[in-house]
Each structure stands twice: as C-alpha cells, then as structure tokens.
Amino acid sequence: YAERVKHFVDLASTSSFQQLVKRVILLACQPGSIGMDRVAGLIRERMTRLTWDELLKVAECFLPGDLEYETSLLLERVKDREKAVEVLRRVDEEVVRDLTSRPTDVTEQMATELAGKLGLSKGDMFMLLRVAVTGKTATPPLFETMEVLGPDVVSGRLRFAMRKLN
C-alpha cells in the first residue's frame, strides 16, 4: 500500500490531471475488473470543476466492494421502505439482466417504463437507483455507470441496498 501511495505522489508532479485520475483509479481497482477508459470518460466532465477530494469521491463508486452510505439516502425520494425494496427487486429482475448486451438508452427506457408501472416518477426511481448503485446522490450518468460496472456488480449493490432497507 505504501508503494502505491508513493507512486501516486510521484505521478502528481508529472502527469496531467486526466492521466493522474486515470492512474489512481487503475491503482485502486482490481486489474481488469471494469473498463478504466470508460470510467475516465464518465468522470472527465467533472474533472475541471471539482476539487481533488470531490473527484475521488465521484470515482469511488467504481471501486469494488460494498458501498458505505446512510440508509436514509435510499429513502430521500421513495419514502416507503417496502416500496423501495420492491423497486430495487424489480429493477434487478427486469432491467439489470443483460445490462451490457443492449444500448444504454434502451436500459434507461426500460427503467423509465418500469417506474411508470410502479407508480413512481422517473426522477424518484432514478435517485433510488443512483444511491443503491453508487452510494451517492450526485454521480456520473447513472445508466452509463451501471453499464461500466456490469450486471454482477449492479445486481450485488441492489441486493445490498435491499438488505439495508429490511
């Protein structure tokens, strides 16, 4: 770990900001776990507007493992716990499967249609998903993030969120 930190500090003085962020993510993630070029692409827009600490927090959602967040974040827009669990279960069953085998806009449309079937606004459901998938309320684009993470990670995070709510 100390060698990684030293390498990171050395990079800070020699790399462009974009390359530095990309390398930090590469160092932090398990090799080959997700497409690092895609991650860098998703956070590129925010690179110039955020402080270093804010940028690292944005990138945290791409790291492996369970996320740390307050359960109350899941209930900001969908107040009823049982409803939130139902939404997460249905998204896991109906939207996440085959996530990477279709265009992102099709996945978003599927989620929008499911929100309507469940009697939720798109914004309310997407915020619940955003928190469950990333642990945050402000992130890179939700469905692109889900695609980069892949169905196994997204499904695991939805199930983790359901356990937090039960």
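For the numbers below, each heavy atom of this structure counts, side chains included, while hydrogens, waters and symmetry mates do not. Source: prediction; values computed, not measured.
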- prompt: Any idea which heavy atoms bring Thr100 and Pro151 closest together, and the distance?
  reply: CG2-CD, 3.8 Å
Pro141 to Arg130 - nearest heavy-atom pair and separation: C-NH1, 4.5 Å
- request: Could you pull out all residues at least two apart from Arg77 that satisfy side chain to side chain contact (heavy atoms under 4.5 Å, CB included)?
  value: Asp124, Met127
task: Search all heavy atoms of Val133 against all heavy atoms of Arg157 and return the closest pair with its distance.
output: O-NH1, 2.8 Å
message: Using every non-hydrogen atom in the two residues, find where Ser121 and Ala115 come nearest and quote the distance to one decimal.
response: O-CB, 4.1 Å
- request: Could you name each residue pair satisfying ring pair (Phe, Tyr, Trp, His ring centres under 6.0 Å) that touches residues 79-101, not counting sequence neighbours?
  value: none
message: Among residues at least two apart in sequence or on other chains, which ones pass side chain to side chain contact (heavy atoms under 4.5 Å, CB included) with Glu113?
response: Gln109
query: Measuring from Leu99:CG to Met146:CE, what's the distance to the nearest 0.5 Å?
result: 5.5 Å
- prompt: Restricting to pairs with a member in residues 128-166, which pass ring pair (Phe, Tyr, Trp, His ring centres under 6.0 Å), not counting sequence neighbours?
  reply: Phe126-Phe143
query: Under 4.5 Å between any side-chain heavy atoms of Leu129 and Leu158, yes or no?
result: yes
- request: Taking the side chain as every heavy atom from C-beta outward, state whether Leu88 and Leu165 have any atom pair closer than 4.5 Å.
  value: yes
Gap separating the CG atom of Leu120 from the CG atom of Leu114, nearest 0.5 angstrom: 8.5 Å
message: Run the side chain to side chain contact (heavy atoms under 4.5 Å, CB included) test against Glu76 and tell me which residues pass, sequence neighbours left out.
response: Leu73, Thr137
- prompt: Say you draw a straight line from OG1 of Thr104 to CD of Glu147; how long is it, rounded to the nearest 0.5 Å?
  reply: 3.5 Å
All pairs passing side-chain hydrogen bond (donor to acceptor under 3.5 Å, both in side chains) where residues 80-95 contributes a residue, at least two apart: Arg89-Glu93, Arg90-Glu94, Asp92-Ser155
query: At what distance, to the nearest 0.5 angstrom, does CZ of Arg163 lie from OG1 of Thr71?
result: 12.0 Å
- request: Give every residue pair that meets the ring pair (Phe, Tyr, Trp, His ring centres under 6.0 Å) criterion with at least one member in residues 92-120, sequence neighbours excluded.
  value: none
task: Any pair with a residue in residues 97-112 that passes salt bridge (charged side-chain N to carboxylate O under 4.0 Å, His left out), sequence neighbours left out, goes on the list, sorted by first then second residue, please.
output: none
- request: Please report the shortest heavy-atom distance between Leu75 and Ala84, naming the atom on each side.
  value: CD2-CB, 4.1 Å
task: Scan residues 66-114 for pairs that pass ring pair (Phe, Tyr, Trp, His ring centres under 6.0 Å), counting only residues two or more places apart or in two chains.
output: none
